[in-house]
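Atoms within a ligand are numbered from 1 in the order they appear, just like the ligands themselves. Everything quoted here is computed from the prediction, not taken from an experiment.
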Amino acid sequence: MLNDCLFCAIPAGEIPSDKVYEDEYVFAFRDINPQAPVHILVVPKVHISCAQEIDENNSIYVAKCFEAIAKIAKAEGLDNGYRIVNNCGADGGQSVMHLHFHLIGGKKFPETII
Ligand code: DGP
């Protein structure tokens with residue numbers, strides 16, 4: 001856990017959230033500013049600042065995030081598909097420097113990414 005990291009503090013229960021899933025590796029909660037009917041943030045329970053910091057020592061947490069995403073999507077009824085977004089670094093539009101995956105769905109997205 002990193003001091004002053006919002007996405008370390010939320011899984012630790014120090015800041016309230018609308019939790020949808022938790023296991024040993026992963027915490028997931030609804031985004032405070034949803035961009036779609038379903039917008040959930042899936043975060044590892046260790047501090048990894050961004051995708052660029054993923055390595056052989058922490059990639060198990062990334063795998064567990066994706067296992068969780070599949071479970072959450074099923075529980076949320078996203079049977080027709082969904083989008084997973086990761087913003088990395090300043091040019092990637094990342095605003096919270098703790099690795100997180102946006103699970104967004106409940107609407108049909110265009111085939112273009114941006
Ligand atoms: P990104 O731009 O990829 O770093 O996304 C950060 C997301 O985090 C953004 O969609 C808004 C969300 N967010 C920021 N602060 C909070 C918070 O305190 N609670 C919740 N639930 N979401 C937050």
For this session: Could you walk me through whether F27 and F7 pass ring pair (Phe, Tyr, Trp, His ring centres under 6.0 Å), step by step?
Result: CA-CA 9 Å; F27 193 89; F7 288 177; 9.9 Å; no
Problem set entry | is_close_aromatic(F66, F101), centroid dist under 6.0 Å | yes
For this session: Kindly indicate, with the supporting measurements, whether the criterion ring pair (Phe, Tyr, Trp, His ring centres under 6.0 Å) is fulfilled by H100 and H98.
Result: CA-CA 6 Å; H100 54 280; H98 179 126; 7.8 Å; no
Problem set entry | Partner set under side chain to side chain contact (heavy atoms under 4.5 Å, CB included) for V38, not counting sequence neighbours | I40, E76, L78
Would you mind writing out a table of all protein N or O atoms found under 3.5 Å from any N or O atom of ligand 1, naming both atoms and giving the distance to 0.1 Å?
from, atom 1, to, atom 2, distance (Å)
ligand 1, 2 (O), G93, O, 3.2
ligand 1, 2 (O), S95, N, 3.4
ligand 1, 2 (O), S95, OG, 3.0
ligand 1, 3 (O), N87, ND2, 2.8
ligand 1, 3 (O), H100, NE2, 2.9
ligand 1, 3 (O), H102, NE2, 2.8
ligand 1, 4 (O), S95, N, 2.7
ligand 1, 4 (O), S95, OG, 3.1
ligand 1, 4 (O), V96, N, 3.0
ligand 1, 4 (O), H100, NE2, 3.0
ligand 1, 5 (O), H100, NE2, 3.1
ligand 1, 5 (O), H102, NE2, 3.3
ligand 1, 10 (O), D31, OD1, 3.2
ligand 1, 10 (O), D31, OD2, 2.5
ligand 1, 21 (N), R30, O, 2.9
ligand 1, 21 (N), I32, N, 3.4
ligand 1, 22 (N), I32, N, 3.2

Problem set entry | Spacing of CG belonging to D18 relative to CG belonging to L41, to within rounding of 0.5 Å | 11.0 Å
Exercise. So with a 6.0 Å cut-off around CD of E22, is the heavy-atom count from everything else above 12?
Worked result: yes
